[in-house]
Amino acid sequence: MKVGVLALQGDFAEHKEALEKSGFDVCLVRNIVDLVSVKGLVIPGGESTTISKLLKKSGLDKAIVERINKGMSVWGTCAGAILLADDVKSKKPIDTLEVLDIGIERNAYGSQLDSFQTELELDGKKFEVAFIRAPKITKIGKDIKTLISYNDNPVMVRLGNILVTTFHPELIPGTYFYDWLREHIFYG
Ligand code: GLN
C-alpha cells in the first residue's frame, strides 16, 4: 500500500525511513494533491499546536477528515494522537480533526526530562518504544479497543480505520511494529 506521512512538522523523516525499511511505498504529504495518491496516512509526532495551524493553512484538515470518513486508514502517533482526538486537555486551546472519541491530556508525563524508553507487548511480542513529552489517553469512547496499556493507561487504541499511539516506535530500530501495521491497518 502507498502510505503518506504528513510532513508539515515533526519527525516525518524517521517515519518515512521506518516505513520504507518495512517495505512500504511512502510519500510525504504536504498538500491536498499529495494526499490524493495515498491509501493510508501517518500523522507523526511533533508539536501538535504547530501541526494544527499548518493543517488549517494548507486545507489538509478538511481533506484528511473527508478521507478518514471515507475509510482511509490513519495512524496518529503522539502529537498525531492529539490531532485525531475530539477532547484535548491542553494549556493553550488547540483545534483538532476530532475524528476519534477519546480524551487526551498533552504533556501528561511531565517535561522533556521525563521522556523515557520502554518495552511494550503487542500480540505476544515485545518491542521497544520511546515516550517523548507524551500525552495520556484519559478517556475512551464506546467501541474503541485498547490494544496496549502501560501502567494501566491505554497507549494504543483503535476504532476501525483509526489507530492512535502515544509512543514512538519509529525512533528505535526494528520493524516489528511496522510489519504489524501492514497486517492490521495499512493493508491492501
Ligand atoms: N508534547 C507534544 C505536543 O503536545 C507531543 C510530543 C510528541 O509528539 N512527541 O504537541
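Indexing begins at 1, ligand by ligand and atom by atom, following the structure's order.
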Which of the ligand 1 atoms, numbered from 1, are nearer than 4.0 Å to a heavy atom of [X]:
X    : result
E47  : 10 (O)
G45  : 8 (O)
N107 : 1 (N), 2 (C), 4 (O)
C78  : 6 (C), 7 (C), 8 (O), 9 (N)

Among F24, F167, W180, Y178, which residue satisfies the ring pair (Phe, Tyr, Trp, His ring centres under 6.0 Å) criterion with W75?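 Of F24, F167, W180, Y178, ring pair (Phe, Tyr, Trp, His ring centres under 6.0 Å) with W75 is met by Y178 alone.
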Closer than 3.5 angstrom, by distance alone: can the side chain of S73 be matched with the main-chain N or O of I185 as a donor-acceptor pair?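 Such a contact is found between S73 side chain and I185 backbone.
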Here the pair of heavy atoms bringing V129 nearest to P169 is CG1-CA, 4.3 Å
From atom 10 (O) of ligand 1, work out which of S52, G76, S48 has a heavy atom at the shortest distance.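 Checking each option, the heavy atom nearest atom 10 (O) of ligand 1 is found in S48.
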Residue selection (non-hydrogen contact nearest atom 5 (C) of ligand 1) among G46, P44, P135: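 Considering heavy atoms of G46, P44, P135, the nearest to atom 5 (C) of ligand 1 sits in G46.
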Less than 4.0 Å between a side-chain N and a carboxylate O, is that true for K16 and E20? yes
So that I can tick it off, tell me whether R106 and E47 are bridged by a salt bridge, with the cut-off set at under 4.0 angstrom between side-chain N and carboxylate O. yes
To check your reading of the model: name the closest protein heavy atom to atom 4 (O) of ligand 1, its residue, and the distance in Å. R106 NE, 2.7 Å
Polar contacts were defined as any N/O atom of the residue lying under 3.5 Å from an N/O atom of the ligand; does this apply to I82 and ligand 1? no
In this structure, is the centre-to-centre distance between the rings of Y109 and Y150 below 6.0 Å?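 Centroid separation for Y150 and Y109: 6.0 Å or greater.
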